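Every number for a ligand or one of its atoms is a count from 1 in the order of the listing. Just so it is clear, the values below take in all heavy atoms, side chains as well, and ignore hydrogens, waters and symmetry mates. On a predicted model such as this, the values are computed, not experimentally measured, just so you know.
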Amino acid sequence: MQHLTSLIPWNQDDLLGLLALSRRVKADPRAWSTALQGKSLGMIFEKSSTRTRVSFEVGMTQLGGHALFLSKSDIQLGRGETIEDTARVLSRFVDGIMARVYAQDTIERLTVATVPVINGLSDMYHPCQALADLQTVQEHRGALAGQVLTYVGDGNNVAHSLMIAGSRAGMTVRIAHPEGYAPSPEVVAACEGQPGRVELYTDPRVAVTGADAVYTDVWASMGQEAEQAERARTFAPFQVNEALFALAKPDAIFLHCLPAHRGEEVTDGVVDHPRSAVLDQAENRMHAQKALLLHLMGGVPLQAER
Ligand code: CP
Ligand code: NVA
């Protein structure tokens with residue numbers, strides 16, 4: 001694997017291998033404390049971030065390397081320097097590039113870089129999030145194959161990456177969405193022929209019934225602020241509240257990529273529930289990304305453990 005623009009090229013062994021490495025890194029972080037010594041990661045941000053920025057920066061430090069925060073508005077990219085020129089120039093200084101962008105095309109254009117490029121969220125995908133999500137399900141629920149994960153809400157970047165990762169890991173990923181907010185048909189097609197599968201629902205109660213994990217995300221993503229009010233009305237029946245969560249398995253976990261809009265897509269009672277795993281999930285961003293950085297920038301091979 002040279003870049004991580006999306007998880008579409010990954011197979012079950014790649015994913016399980018990344019998760020196995022992430023578990024090793026989490027269990028014994030000191031063993032990897034010089035693995036990326038002298039290496040730098042350039043982090044381009046067109047959008048806000050708490051978890052992605054901090055987990056990549058701290059992760060690089062813990063691996064003995066260094067990360068640079070490059071806000072689009074502070075670098076020449078914001079004044080018209082092309083994405084390709086930025087990628088080629090950064091390649092002469094840094095050993096990897098992580099970018100959080102609007103258009104997926106921006107990530108694809110960055111791959112003219114001669115160093116690995118990592119998608120830290122685009123309007124289309126959030127692959128690093130999905131890696132942490134699967135690690136969290138594994139920790140709380142065991143082997144991924146056969147697990148039912150229900151995502152309730154917008155067929156957005158987070159949903160797309162969950163569908164891609166979950167289907168490759170052998171899970172059943174159910175998506176419950178309002179009419180008009182289905183995931184991209186292109187992503188649905190990319191999940192066919194995999195060990196697991198994707199199922200689409202418009203009734204959240206049917207989709208959540210018997211699930212091992214229930215997941216939601218904001219109704220209006222970054223860049224969709226103008227649609228907030230209309231979306232709040234449309235998505236109201238899709239709120240993950242205590243009544244909906246109670247339809248999942250009695251030991252099901254709740255997941256959310258965060259940030260949460262409490263009282264909108266999820267109630268306090270669910271996000272703060274004893275079976276909410278959202279903080280483990282946030283922490284796992286760092287472990288999974290350290291594994292990814294070790295693989296892409298440090299040449300550490302991925303070996304699947306089933
Ligand atoms: N989940 C996630 O990507 O969070 P940030 O937007 O804070 O990075
Ligand atoms: N779907 C959200 C995820 C934030 C981590 C967004 O793109 O804003």
Check: In the protein, what heavy atom is nearest to atom 6 (O) of ligand 1, and what distance, to one decimal place, separates them?
Finding: Arg100 NH1, 2.8 Å
Check: Is there side-chain contact between Tyr215 and Asp133, with heavy atoms separated by less than 4.5 Å?
Finding: yes
Check: Taking everything shown except Glu225 itself, do over 12 heavy atoms lie less than 6.0 Å from its CD?
Finding: yes
Note to self: Between Trp10 and Leu4, is the side-chain contact (heavy atoms from CB on, under 4.5 Å) condition met? List the steps.
What the structure shows: CA-CA 9 Å; Trp10 289 47; Leu4 174 57; 3.7 Å; yes
Next item on the list: Compute the shortest N/O to N/O distance between Ser221 and ligand 2 and return yes if it is under 3.5 Å, no if not.
Entry: yes
Checklist line | Per-atom contacts of ligand 1 with Thr50, taking only distances under 4.0 Å to non-hydrogen atoms | finding: 5 (P), 7 (O), 8 (O)
Note to self: Among all the protein's non-hydrogen atoms, which is closest to atom 4 (O) of ligand 1, and how far away is it?
What the structure shows: Arg51 NE, 2.8 Å
Note to self: Show the atoms of ligand 2 that are less than 4.0 angstrom away from any heavy atom in Leu121.
What the structure shows: 3 (C), 4 (C), 5 (C), 7 (O)
Margin query: With a 4.0 Å cut-off on N to O distance, would you call Glu305 and Arg23 a salt bridge?
Written below: yes
Notebook entry, point to check: Between Met222 and ligand 2, does any nitrogen or oxygen pair lie at a separation below 3.5 Å?
Noted result: yes
Notebook entry, point to check: Is Gln239 close to Glu265 at the side-chain level, that is, under 4.5 Å between some pair of heavy atoms?
Noted result: no
Notebook entry, point to check: Do Met297 and Met60 have side chains that get closer than 4.5 Å, going by heavy atoms?
Noted result: yes
Check: Under 3.5 Å, N or O to N or O, is His126 touching ligand 1 that way?
Finding: yes
Check: Parallel, tilted or perpendicular: which describes the rings of Phe235 and Trp219, with under 30° parallel and over 60° perpendicular?
Finding: parallel
Next item on the list: State if Lys47 counts as touching ligand 1 under the rule of any non-hydrogen atom under 4.0 Å.
Entry: no
Notebook entry, point to check: Does Glu199 come within less than 4.0 Å of Arg197, counting only side-chain N to carboxylate O?
Noted result: yes
Margin query: Geometry only, no angles: is Ser48 polar-contacting ligand 1 at N/O separations under 3.5 Å?
Written below: no
Note to self: I want to know if ligand 1 touches Cys257 in the polar sense, i.e. an N/O pair below 3.5 angstrom.
What the structure shows: yes
Checklist line | ligand 2 contacted by Leu258 (non-hydrogen, < 4.0 Å) | finding: yes
Notebook entry, point to check: For atom 2 (C) of ligand 1, which protein heavy atom lies nearest, and how many Å away is it?
Noted result: Arg285 NH1, 3.3 Å
Next item on the list: Answer yes or no for Leu258: is there a heavy-atom contact with ligand 1 below 4.0 Å?
Entry: yes
Next item on the list: Could you tell me whether Asn157 and ligand 2 have an N or O pair separated by under 3.5 Å?
Entry: yes
Check: Considering only heavy atoms of Asp217, which atoms of ligand 2 have at least one such atom less than 4.0 Å away?
Finding: 1 (N), 2 (C), 3 (C)
Item checked: Electrostatic pair Lys47:Asp123 at N-O distance under 4.0 angstrom -> yes
Notebook entry, point to check: Is there a side-chain contact between Tyr125 and Val187, using heavy atoms and a 4.5 Å cut-off?
Noted result: yes
